[in-house]
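Encoded as structure tokens, the structure appears first; notes follow it.
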Number of protein chains: 2
Amino acid sequence: MDSRLIVALDLADSNQVLEIAKKISNEVFAVKLQWITVMDKGISVVKELSKITRVLCDFKVADIPYTNSNIASRVANSNAWGIITHSFLGRDSLSAVVEAAGNMKVFSVVAMSHPGYSEFMKEHVHDLVKVSTDCGVYGMIAPGNDYKMLREIRDLAPDVKIATPGVGAQGGSAVMAIEAGADYVIVGRGVYGSSDPVASTRAINQEIWSALGMA
Amino acid sequence: MDSRLIVALDLADSNQVLEIAKKISNEVFAVKLQWITVMDKGISVVKELSKITRVLCDFKVADIPYTNSNIASRVANSNAWGIITHSFLGRDSLSAVVEAAGNMKVFSVVAMSHPGYSEFMKEHVHDLVKVSTDCGVYGMIAPGNDYKMLREIRDLAPDVKIATPGVGAQGGSAVMAIEAGADYVIVGRGVYGSSDPVASTRAINQEIWSALGMA
């Protein structure tokens, strides 16, 4: 049974990220990286990690088309499996990422889980989904602790993959997120903060498989 | 006379960035860096550059408060003079950057220069200025090729520093941006793409000083 779990290794020490990734690579769908890890020694960590498992670069790309394209090209050349970009900067900025990504999967952020997101972004969720679909993204990022929103996005975009953060430490349930339409759940501290990351990933996999009747 | 020029060294090769920065450091107010340069060998380039000149990290920070805080702390610890963050993710995400920044200057993006920005962001510019002011940012980023918008932002936020990209290769005039209320103009290709970066920075400085009657 394939794992539906993407583990966020939000750590500043790139060696530590590589060590944990080696341990859990057989148990997860992918690992997710942030800029904080790239700051350590550069993007070479993505190349190293990509030899071990799928790497989803959570870079929340949010710039003009020219800069977005530069970032996405460099990430694609580092053999990342996917990249996370914002969509609120409009069609041209998002298309720049999709075009530069080549075979790399592009996930666009269409909704988020923190309170501040409701100030400006929330009213645009449906339009962000539409722009993302029009630009041909592979997937979308939507909060795993707002099941109503997840279902809306699932209905609006039946053909994309949805990956959901906000599960575990941030209060969402992996099983409920999957049942609401998520394809992948993203868990961070619940794994990298665990004394036994392998056992923790297995437990989450089992929880999801049991709920789906696949265990 | 102090320079009003921030030079964007949007290059993937961190050694090349350091070389150009050494040449122009006496002629500029600061240099601006993007992620693409950090991808080379990590954030250590900011520490190196900070020995030479002020460094403004144009990282367009756009994540949940926890992640924003992690990014801003790391950048502050690398001795950067300033950081550029988005404000559309709301008050909590922006405050997280301001708090983690410590003495580092925070510039928030309130308007941009590419067409796609008008799809979702443009209608929120006044609110983004208000949130940014409330959160106590040092400066704002606003397009140097939209003088009407610049004047509006200047009027709404008289006490912040405004830095404007979009000058030079992207069509804006440095002098007109300054006259519309910008404190600093950001020029990239016009300097790093020049065969004589020092002469190019001097020419832009002179152009601005002449227009301001300070030459």
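What you see is a predicted model, and the numbers here were worked out from it, not measured in a lab. Below, all heavy atoms of this structure are taken into account, side chains as well, without hydrogens, waters or symmetry copies. Naming: A, B, ... by sequence-line order, numbering from 1 per chain.
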Practice prompt. Below 4.5 Å from any heavy atom of chain B, which atoms of A:Leu128 appear? Answer side chain, backbone, both or neither.
Written response: both
Fill in: Close side-chain approach of B:Trp35 and A:Trp35, heavy atoms under 4.5 Å
yes
Worksheet item: For the candidates B:Val75, B:Asp58, B:Thr67, which exhibits the highest count of non-hydrogen atom pairs separated by less than 4.5 Å from chain A?
Response: B:Thr67
Quick one: side chains of residues 37-47 of chain A, donor-acceptor pairs under 3.5 Å with protein atoms, not counting sequence neighbours, listed by atom name and distance.
unit_1	atom_1	unit_2	atom_2	d
A:Thr37	OG1	A:Leu11	O	2.6
A:Asp40	OD2	A:Ser14	N	2.8
A:Asp40	OD2	A:Ser14	OG	2.7

Fill in: Most contacts with chain B, counted as non-hydrogen pairs under 4.5 angstrom, among A:Asp127, A:Val61, A:Asp10
A:Asp127
Distance-only donor-acceptor pairs under 3.5 Å for side chains of residues 152-161 of chain B, two or more places apart:
unit_1	atom_1	unit_2	atom_2	d
B:Glu152	OE1	B:His126	NE2	2.8
B:Glu152	OE2	B:Lys148	NZ	3.2
B:Arg154	NH1	B:Gly181	O	2.9
B:Arg154	NH1	B:Asp183	OD2	3.0
B:Arg154	NH2	B:Ala157	O	3.0
B:Arg154	NH2	B:Pro158	O	3.4
B:Arg154	NH2	B:Val160	O	2.4

Worksheet entry | Inter-residue atom distance A:Arg189.CZ - B:Tyr66.OH, 0.5 Å rounding | 5.0 Å
Worksheet entry | Pairwise distance NE2(B:His114) to CG(A:Asp63) - rounded to 0.5 angstrom | 8.0 Å
Worksheet item: What is the minimum heavy-atom distance between B:Val131 and A:Glu119, and which atoms define it?
Response: CG2-OE1, 3.7 Å
Discussion item. Restricting to side chain to side chain contact (heavy atoms under 4.5 Å, CB included), what partner residues turn up for B:Lys122, sequence neighbours left out?
Written reply: B:Tyr117, B:Ser118, B:Met149
Discussion item. How close do B:Ala12 and A:Arg74 get, counting heavy atoms only, and between which atoms?
Written reply: CB-NH1, 3.7 Å
Practice prompt. Please list, in residue-number order, every residue in residues 83-93 of chain B that has a heavy atom less than 4.5 Å from any heavy atom of chain A; write 'none' if there are none.
Written response: B:His86, B:Ser87, B:Phe88, B:Leu89, B:Gly90, B:Arg91, B:Asp92, B:Ser93
Fill in: Side chains of A:Glu123 and B:His124 in contact at under 4.5 Å (non-hydrogen atoms)
yes
